[in-house]
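The structure appears right after this line, and notes come after that.
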Amino acid sequence: MNKNIKRIVKKKNKSKIICLTAYSKNIALEVDKFADITLVGDSLGSVLYNYNSTRSVTLQEMINHSKSVRLAVKKSLMVVDMPYNTYNTNNSALKNAKKIIKETKCDAVKLEGGKKIIKQIKHLIKNKINVMGHLGLLPQTTKGKFKSKGKTIKEKKQLLNDALMLQKCGVFAIVLECVKSATTKQITETLKIPTIGIGSSVYCDGQVLVTDDLIGLNETKIKFVKKFVNIKKYLNLGLRKFASDVRLKKYPKKKHSY
Ligand code: KIV
């Protein structure tokens, strides 16, 4: 197990794990200062490309963005989402995970699902690929509206079983998306590996958010998003000043010119 991964697993029950998304070098440079895990999430499909779902994200798009992120990530663990349809079989999962790792030099990949993809996850881990799990709401397979998971006893049991199955396979952490608090608490207390929540309450061992959402660059009404800063305000200020200075011929000055 990679040193960074060991460090993250050891944080369970000690200190919260910080996970943030980055899709490019300049954001990754700042994210890396605060995050234990920098995630190149396939959420980039909706955030950057306006796709209706993450299903449209291609392997090449994930690789291109990840290469940019890799330029800035020095300290945190870099995890890359495997896009939809790239891990349908053991062979395709391994071939595509190897391609992602070879081209982006990331530390681990993340796959969505439990029992249904357990063979592929086992196969990746057997081949020394570090895997992060993702349970609860699965954007790659969810059709329609985002709904919470783990409400009924049946759903709760199934989520717990999936989480235990992933742990047994050797995943180092599991993202829990939109999972009810009581179910999250039970899963987190049962597992030895950390849970990273998104819309899944304070009971997780860590939290993840899409950076563009929390800095207010991407407008969203998703319940679990908190806008920690309104970066658009500052962006607007700078751009307005540039436009005004150019119009007033205050910029460029002699010192800016060759
Ligand atoms: O795609 C993504 O950004 C994610 C996180 C939000 C968990 O999977």
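In this chain, numbering begins with 1 at the start of the sequence shown. Order of listing sets the numbers, starting from 1, for every ligand and every atom in it.
- When only modelled atom types and interatomic distance are considered, Y23 and S68 share no side-chain donor-acceptor pair under 3.5 Å.
- Applying the 4.0 Å criterion to heavy atoms of D42 picks out, from ligand 1, the atoms 1 (O).
- At least one N/O-N/O distance between K110 and ligand 1 falls below 3.5 Å.
- At a 4.0 Å heavy-atom cut-off, ligand 1 does not touch T54 at all.
- Looking at atom 6 (C) of ligand 1, its nearest protein heavy atom turns out to be I198 CD1, 3.5 Å.
- In the vicinity of H134, heavy-atom distances shorter than 4.0 Å reach the ligand 1 atoms 8 (O).
- At under 3.5 Å, not a single nitrogen or oxygen of T21, backbone or side chain, sits near a nitrogen or oxygen of ligand 1.
- The ligand atoms of ligand 1 that sit less than 4.0 angstrom from a heavy atom of G41 are 1 (O), 2 (C), 3 (O).
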Which atom pairs, one a donor and one an acceptor, fall under 3.5 Å between side chains of residues 159-172 and the rest of the protein, sequence neighbours left out?
{"unit_1": "N161", "atom_1": "ND2", "unit_2": "K157", "atom_2": "O", "d": "3.4"}
{"unit_1": "D162", "atom_1": "OD1", "unit_2": "K115", "atom_2": "N", "d": "3.1"}
{"unit_1": "Q167", "atom_1": "OE1", "unit_2": "K192", "atom_2": "N", "d": "2.6"}
{"unit_1": "Q167", "atom_1": "OE1", "unit_2": "I193", "atom_2": "N", "d": "3.1"}

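- Given atom 2 (C) of ligand 1, the protein heavy atom at minimum distance is S43 OG, 3.3 Å.
- For ligand 1, the polar-atom distance check against Y23 finds no nitrogen or oxygen pair separated by under 3.5 Å.
- Put simply, no part of E177 is less than 4.0 Å from ligand 1, judged by heavy atoms.
- With distances taken over non-hydrogen atoms, the option nearest atom 5 (C) of ligand 1 out of V40, V47, L39 is L39.
- Residue K74 qualifies as enclosed at atom NZ: its count of foreign heavy atoms under 6.0 Å is above 12.
- Inter-residue side-chain proximity for Q140 and L138 is flagged as unmet; no heavy-atom pair is nearer than 4.5 Å.
- Within 6.0 Å of NZ on K119 lie no more than 12 heavy atoms contributed by other residues, nucleotides or ligands.
- By the 4.5 Å heavy-atom criterion applied to side chains, E177 and P139 are counted as neighbours.
- At most 12 heavy atoms of other shown residues, nucleotides or ligands fall within 6.0 angstrom of atom NZ in K25.
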